[in-house]
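Below is one structure; the comments refer to it alone.
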Amino acid sequence: MVDHIYGRGSILKHSDRPFVLINELNLYIDHIQKYVEDNKDILNDKKIKYITKFKAQLQLGIDYYHRLQNKLLYIPKSTQAAIPLQLELAMIRLNNVHI
């Protein structure tokens with residue numbers, strides 16, 4: 001366990017785990033999808049503005065993660081290599097959220 005903590009070894013069984021920031025991004029996309037689905041019959045200007053702003057902020061977050069990925073030197077190479085694909089999938093999911 002000490003080797004894992006100091007980066008000398010890994011005790012993780014699954015090396016294909018998404019990066020924690022990608023997990024958080026996917027949680028936010030799940031939230032906005034559910035919000036749109038739950039409110040599709042009762043949309044008003046306030047809710048439309050909320051959804052539009054939320055999607056724009058997520059888009060900015062995805063753009064930021066694209067720029068950040070080259071600076072994440074402390075994560076495993078397999079996880080680092082998977083980030084662009086995971087961001088692309090998140091972008092597709094976000095673009096599929098329609099008001």
State, to 0.1 Å, how close [X] and [Y] come at their nearest heavy-atom pair, and which atoms those are.
X: L72; Y: I75; value: O-CG1, 3.4 Å
X: H98; Y: N95; value: CE1-O, 3.2 Å
X: Q69; Y: Q80; value: O-NE2, 3.4 Å
X: A90; Y: N26; value: CB-OD1, 4.1 Å

Shared hydrophobic cluster, [X] / [Y] (ILVMFWY, side-chain heavy atoms < 4.5 Å):
X: L60; Y: L58; answer: no
X: I92; Y: I51; answer: no
X: L73; Y: Y64; answer: no

Members sharing L89's hydrophobic cluster, built from side-chain contacts under 4.5 Å between Ile, Leu, Val, Met, Phe, Trp and Tyr, are L85

Above 12 or not: heavy atoms from other molecules or residues under 6.0 Å from CG of D45? no

Going from [atom1] on [X] to [atom2] on [Y], what distance comes out if it is rounded to the nearest 0.5 angstrom?
X: L94; Y: Y28; atom1: CG; atom2: OH; answer: 14.0 Å
X: L43; Y: K49; atom1: CG; atom2: NZ; answer: 15.5 Å
X: L25; Y: M91; atom1: CG; atom2: CE; answer: 9.0 Å
X: I32; Y: R93; atom1: CD1; atom2: CZ; answer: 12.0 Å
X: I62; Y: L87; atom1: CD1; atom2: CG; answer: 6.5 Å

Take Y65 and I83 through the test side-chain contact (heavy atoms from CB on, under 4.5 Å) and record every step on the way to the result. CA-CA 9 Å; Y65 290 165; I83 289 175; 5.8 Å; no

May I have the step-by-step check of side-chain contact (heavy atoms from CB on, under 4.5 Å) for K34 and D30, ending in yes or no? CA-CA 6 Å; K34 184 173 181 343; D30 290 343; over 6 Å; no

Derivation and outcome, side-chain contact (heavy atoms from CB on, under 4.5 Å), residues Y35 and Y50: CA-CA 10 Å; Y35 185 85; Y50 170 77; 3.5 Å; yes

Between I29 and Q33, is there a side-chain heavy-atom distance shorter than 4.5 Å? yes

Between N44 and K47, is there a donor-acceptor pair closer than 3.5 Å when you use the side chain of the first and the backbone of the second? yes

Per the salt bridge (Lys or Arg N to Asp or Glu O under 4.0 Å) rule, what does the pair list look like for residues 52-79, sequence neighbours excluded? none

